[in-house]
Visitor: 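If you scroll down you'll find the structure; I have some questions about it.
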Amino acid sequence: MDKFMDSPYPHATTYRGILPQCWEARETDDGFYIRMYIHGLAKEKVYITGKHNYMTISEVSGNDDRAWRISATIDLPLKFYKSDQIKAEMKNGVLNIVVLKSEKEERDEEFHVNVE
């Protein structure tokens with residue numbers, strides 16, 4: 001999963017954003033790959049949820065004085081995907097998410113992804 005954005009894909013569409021964190025995404029023939037740079041956040045505090053064609057990546061933190069939440073919602077450009085096979089991994093402040101395409105609808109109405 002570390003190198004998914006490094007190698008060129010012949011038929012890929014690339015998306016990029018800067019708010020609230022820097023992120024980039026690539027759609028290929030087999031799926032949708034997202035890389036989000038969230039340095040300083042613990043993977044235990046990162047939550048990935050989704051509904052229909054949207055995925056929300058959020059982090060909830062706080063201390064004794066206050067609490068805050070950071071979130072980004074991404075529109076998944078896939079007609080069909082496998083919600084039970086979405087993978088997420090966080091290493092060194094970089095969150096990588098893989099959403100595999102499907103030939104038919106194989107997704108739950110709502111889903112949650114564990115970050116490894």
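All values reported here derive from a predicted model rather than from experimental measurement.
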Visitor: Taking C-beta and beyond as the side chain, do Leu95 and Ile48 meet within less than 4.5 Å on heavy atoms?
Guide: yes
Visitor: Decide yes or no for Ile57 and Ile97: does some side-chain heavy atom of the first lie under 4.5 Å from some side-chain heavy atom of the second?
Guide: yes
Visitor: Side chains of Glu24 and Tyr37: does their closest heavy-atom pair fall under 4.5 Å?
Guide: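 In contact.
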Visitor: Which pair of non-hydrogen atoms, one from Phe111 and one from Tyr54, has the smallest distance, and what is that distance?
Guide: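 Heavy atoms of Phe111 and Tyr54 come nearest at CZ-O, 4.2 Å.
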Visitor: Ion pair present between Lys101 and Glu27, side-chain N to carboxylate O less than 4.0 angstrom?
Guide: yes
Visitor: State the CD-NZ distance between Glu110 and Lys51, to the nearest 0.5 angstrom.
Guide: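 Glu110 atom CD to Lys51 atom NZ measures 4.5 Å (nearest 0.5 Å).
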Visitor: Could you state the interatomic distance from CD (Glu116) to NZ (Lys43), rounded to the nearest 0.5 Å?
Guide: 7.5 Å
Visitor: Quick one: pull up NE2 in His112 and CD1 in Ile86 and give me the separation to the nearest 0.5 Å.
Guide: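 If I round to the nearest 0.5 Å, the distance is 11.5 Å.
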Visitor: Check whether any side-chain heavy atom of Val98 sits under 4.5 Å from a side-chain heavy atom of Leu100, and report yes or no.
Guide: yes
Visitor: Just jot down the side-chain hydrogen bond (donor to acceptor under 3.5 Å, both in side chains) partners of Thr49, sequence neighbours excluded, or say none.
Guide: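 None.
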Visitor: Measuring from Glu44:CD to Asn114:CG, what's the distance to the nearest 0.5 Å?
Guide: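 Interatomic distance, Glu44 CD to Asn114 CG, rounded to 0.5 Å: 11.5 Å.
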Visitor: Partners of Asn92 by side chain to side chain contact (heavy atoms under 4.5 Å, CB included), sequence neighbours excluded?
Guide: none
Visitor: Between Met90 and Ala42, what is the shortest heavy-atom contact and its length?
Guide: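 Of all heavy-atom pairs spanning Met90 and Ala42, the closest is CE-C, 4.4 Å.
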Visitor: Look up atom CE in Met55 and atom CG in Asp75, then write down how far apart they are to the nearest 0.5 Å.
Guide: 11.0 Å
